[in-house]
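What follows is a single structure, written as structure tokens, with notes after it.
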Amino acid sequence: MRLSNYFVPTLKETPNDAVVTSHILMLRSGMIRMIAAGIYSILPLGYRVIRKISEIIREEMNAIGGQEFHLPALNPKELWEETNRVQAFGDTLFHIKNREYVLAPTHEEIMTYHARNVLKSYKDMPQIWYQIQTKFRNEPRPRSGVIRGRQFLMKDSYTFDTTWENLDISYNLHDKAYRKIFDRCGLNYFVVGASSGAMGGTGSEEFMVKSDAGEDTVAYCNSCGYAANVEVAVSNLQAGKRDDSSKNIYEIHTPGVKSIDELCEFLKIDETACAKSRIYINDSRPVLILMLGNEEVNESKLEKLLGGSVRPGHPDELKEISGADAGSIGPVGFNGRIIADNRLKNLNNLFSGANKNDYHIGGIDLMRDVPQIEYADLRIVQSGEECVKCNSKLEVFSAIELGHIFKLGTKYSESMRAFFLDEKGEEHPIIMGSYGIGVERVMACFIEQHHDEKGIIWDKTLAPFKVHLVGLNMKNADVINTCESIYNELNENNIDVLFDDREAQAGFKFNDADLLGMPIQVIVGEKKLKSGMIELKIRKTGERTDVPLNELKKAIEKEIG
RNA sequence: CGGGGUGUAGCGCAGCCCGGUUAGCGCGCUUCGUUCGGGACGAAGAGGUCGAGAGUUCAAAUCUCUCCACCCCGACCA
């Protein structure tokens, strides 16, 4: 491809709207353009990458017996009503105005529709069906460029099995295929597995990439691979130690003291001697939550523990329930359910609110003074705490979800009546799995992980072109002729080459080449040409070598194998 | 949906507070010439409903109101 006539609108300056690195670089390198919030056109250069990623996915899916479908994005609403997901998706589902159709945000319904009409016997299974297509979700807030869009490419596959054991087989095939796909794409990823309870159920794994642009927060152990969403993550942090003797309870006048920090400052005590109180309303009943020191309540864990609806109490409710405003609430004399974080278990000589404004209580012994107390893990794991599996240090960071494999079970087959007959002629719902990969996210994550201040650094697998051929002075006949012959030779040998044949300054071309980031740059300049040499630059290392023209092809093939 | 911010040429921005000729600057674009190994130089040009609408005023990019779009934080996220 000749750059002089190729639609690659590169940008020297960073567009105002882009914040995330991958988004900035995709815009600057002319791979994408935004049409509206969360809606992007993928331009020719970007689409070459998308196609490479898709092809890797396709190969690995086919290798485990997957069959590729092309499904409608426009779906009859009635199909979605069968599974009650019109309601479940709510505003996230796009509705068509002039026809009873919806735009598919995923394809369980369509796939199950096909399955129920045909997969009638145990002999028809297993099946692995997949598609690589555009999905539509009316995200309340699209963000981070292509990472969270209202329209995006997704590889989705669905498996149909006769038993849970067979579902395990299909699931494990996907687990292996996904690892191969992300390995081949050159991504540094990790897996948040069901063993850490990420989804609160059995049989789900999320494939994640560490990134500040990520929307999930995970705790990760570098030495044993323990990984869990902070919503459920646990660490080895132990409960505090109980003093040998308990003091008696005493009231302290603490005018204006509202926070744990202020209390510690006022009483000259350590925050580990404090129990922080938060009141939550659980299905209209108040629950007092006690945390050690200044730790925040992990509301996800709390919701899971309590069930039903859970919300923090409003300021006026707090007064009514406890008799005090936030800052002076405590467990002693609190009339209602009290749950403390495990770190507070059986502690004594604690300070907490007195349920009377501007007063706190000291000398609290939870065993003696709060007999109805319950304990639970309600913490948010912090970086540096010990891993529960191997005692190494955990790291907490943001991550992007690249893929998700999930044992669906019979949810859709039952609601859509997809049943089969087993060997005994008995009817059962088909047992399903579903497995997704965000295709643009693979591209974005790769760029997040492979760039420098100049631009993208592709490796040969995903690079839109293997070689970026730069002719330095396109008015010099020798340079032109040499470039043309190199360009033709590479094309004839099926080595994808992008030829910068524009009449422009050397620096201009070098910077564009570094921005676009092809693995190899072949630079043809007058001076070196006089001694018969061509320059070869490796984008990743910046290393430059001079190669005689007749050895160029060999040198390139050596680099890109 | 709540909070914050932005909207002026293809891109990046100034001008707005304190209303007043023909709305500027850098990059990019066109033409000509010079230059040609890290975003060159000179000359001449093209390109604007100042996000939209309404209002105040002799006069609005500038003040007021309404709406829209986009970004960030939060809520949400099969």
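Sequence lines set the chain letters: A, B, ... in the order given, protein chains first and strands last, and positions in each chain run from 1.
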[N] and [M]: how far apart are their [atom1] atoms, nearest whole angstrom?
N	M	atom1	result
B:rU57	B:rC65	C1'	16 Å
B:rU21	B:rG2	P	40 Å
B:rC18	B:rC63	C1'	11 Å
B:rG74	B:rC29	P	40 Å
B:rG26	B:rU34	C1'	23 Å
B:rG51	B:rA44	P	31 Å
B:rG45	B:rG4	C1'	43 Å
B:rG10	B:rG48	C1'	12 Å

For [X], which contact category applies under a 4.0 Å heavy-atom criterion: base, sugar-phosphate, or nothing?
X	result
A:Asp512	base
A:Lys537	base
A:Asn476	nothing
A:Lys454	base
A:Ser434	nothing
A:Asn511	base
A:Glu139	nothing
A:Met34	sugar-phosphate
A:Lys528	base
A:Lys527	nothing

Quick check: on RNA chain B, is the nucleotide nearest A:Val20 upstream (toward 5') of the one nearest A:Met154, or the reverse? Name the residue that is more 5'.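 Result of the comparison: A:Val20.
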Heavy-atom nearest nucleotide on RNA chain B taken for A:Thr92 and for A:Leu472; more 5' hit belongs to A:Leu472
Classify the side chain of A:Glu13 and the base of B:rG28 as holding, or not holding, a donor-acceptor pair under 3.5 Å. no
Using only modelled atom types and a 3.5 angstrom limit, is any donor from either the side chain of A:Glu526 or the base of B:rG37 paired with an acceptor on the other? no
Relative to each other, are the rings of A:His23 and A:Tyr40 parallel, tilted or perpendicular (30° and 60° limits)?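 Answer is perpendicular, since the angle exceeds 60°.
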Close side-chain approach of A:Gln127 and A:Thr159, heavy atoms under 4.5 Å: no
Assess whether a salt bridge exists between A:Asp459 and A:Lys540, defined as any Lys/Arg side-chain N lying under 4.0 Å from an Asp/Glu carboxylate O. no
Taking 4.0 angstrom as the limit, do A:Arg85 and A:Glu109 come out as a salt bridge? yes
Atom NZ of A:Lys12 and atom P of B:rG28: how far apart are they, to the nearest Å? 6 Å
Below 6.0 angstrom between ring centroids: does that apply to A:Phe397 and A:Phe190? yes
Residues in residues 140-153 of chain A with a heavy atom under 4.0 Å of RNA chain B, by number, are A:Pro140, A:Arg141, A:Arg143, A:Ser144, A:Arg148
